[in-house]
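Inspection log for the structure reproduced underneath, given as structure tokens.
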Amino acid sequence: MSAASLLLTDPQPQWRLPSRGRAGMWCLIAAETGIFSIFVVAYLFYIGKSVTGPAPAAVLELPIFTSICLLSSSATIHWAGKALAQGRMRTFQLWWFVTIALGLIFLSGTAREWHRLIYEHGLTVSTNLFGTTYYSMVGLHAFHVTFGLLALCIVMTFTLLGKVKQEHSERTEILSLYWHFVDAIWVVVFTVVYIVGA
């Protein structure tokens with residue numbers, strides 16, 4: 001067998017640039033990771049340095065249920081993306097809606113926790129160093145969840161209007177990268193705030 005025939009039967013796959021949307025999302029994720037890293041380092045640096053109460057161990061409760069909901073939403077948005085890529089619109093709509101619902105459950109849990117901390121324990125952003133760093137880091141994450149939910153709701157609205165088709169699967173996959181990032185960041189925030197810092 002000649003070298004020419006080998007080249008014809010075993011072509012090398014062509015390398016292509018990633019889509020602008022995917023590259024842009026990875027750049028956004030890299031920048032946001034840097035921002036979250038600063039907040040995590042600040043939180044760790046100030047652990048135990050508050051001269052007044054309340055302390056984390058006295059007021060924080062593990063948000064197990066809401067954390068499970070948020071982390072489960074990574075699976076549901078993945079399943080939604082797979083369904084859209086295969087053209088199964090009803091399944092896509094179902095899993096996309098479940099993802100939104102799980103995100104809303106998480107946000108409502110965060111709101112309930114803040115209400116309890118503020119009105120039952122008097123912990124505000126200006127109470128002590130713990131309050132400042134806690135609300136800054138958890139609030140930053142909640143903001144990102146809120147932004148992600150708005151984007152998911154926009155996609156859901158277009159889906160219900162019949163504007164989202166199978167050919168849009170890459171765009172929803174790019175959005176799901178952001179959602180996976182938000183979930184991954186919560187693992188770090190949960191570990192730092194509720195386990196290491198408590």
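All residue numbers in this chain count up from 1 along the given sequence.
- Within the 4.5 Å cutoff, the side chain of Glu113 has heavy atoms near those of the Leu60 side chain.
- Closest approach of Pro54 and Val59 over heavy atoms only: CB-CG1, 3.5 Å.
- Close placement of the His141 and Phe106 rings is indicated, their centers lying within 6.0 Å of each other.
- Residues Ile185 and Ile68 share a single hydrophobic cluster, defined by chaining ILVMFWY side chains whose heavy atoms lie under 4.5 Å apart.
- Applying the side-chain hydrogen bond (donor to acceptor under 3.5 Å, both in side chains) rule to Ser126 yields the partners Thr124; only residues at least two apart in sequence or on another chain are considered.
- The main-chain N or O of Leu152 is found under 3.5 Å from a side-chain atom of Trp96 such that the two form a donor-acceptor pair.
- Ring planes of Phe181 and Phe36: perpendicular class, angle over 60° (limits at 30 and 60°).
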- Please test Thr110 against Val138 for side-chain contact (heavy atoms from CB on, under 4.5 Å), starting from the C-alpha separation and ending with a verdict. CA-CA 8 Å; Thr110 301; Val138 175; 4.2 Å; yes
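- At a threshold of 4.5 Å between non-hydrogen side-chain atoms, the residues Ser169 and Glu173 do not count as touching.
- Within the 3.5 Å criterion, the main-chain N or O of His144 finds a donor-acceptor partner in the side chain of Tyr178.
- Between Val182 and Ser74, every side-chain heavy-atom pair lies at or beyond the 4.5 Å cut-off.
- In this structure the side chain of Thr132 never reaches within 4.5 angstrom of the side chain of Tyr46, judged on heavy atoms.
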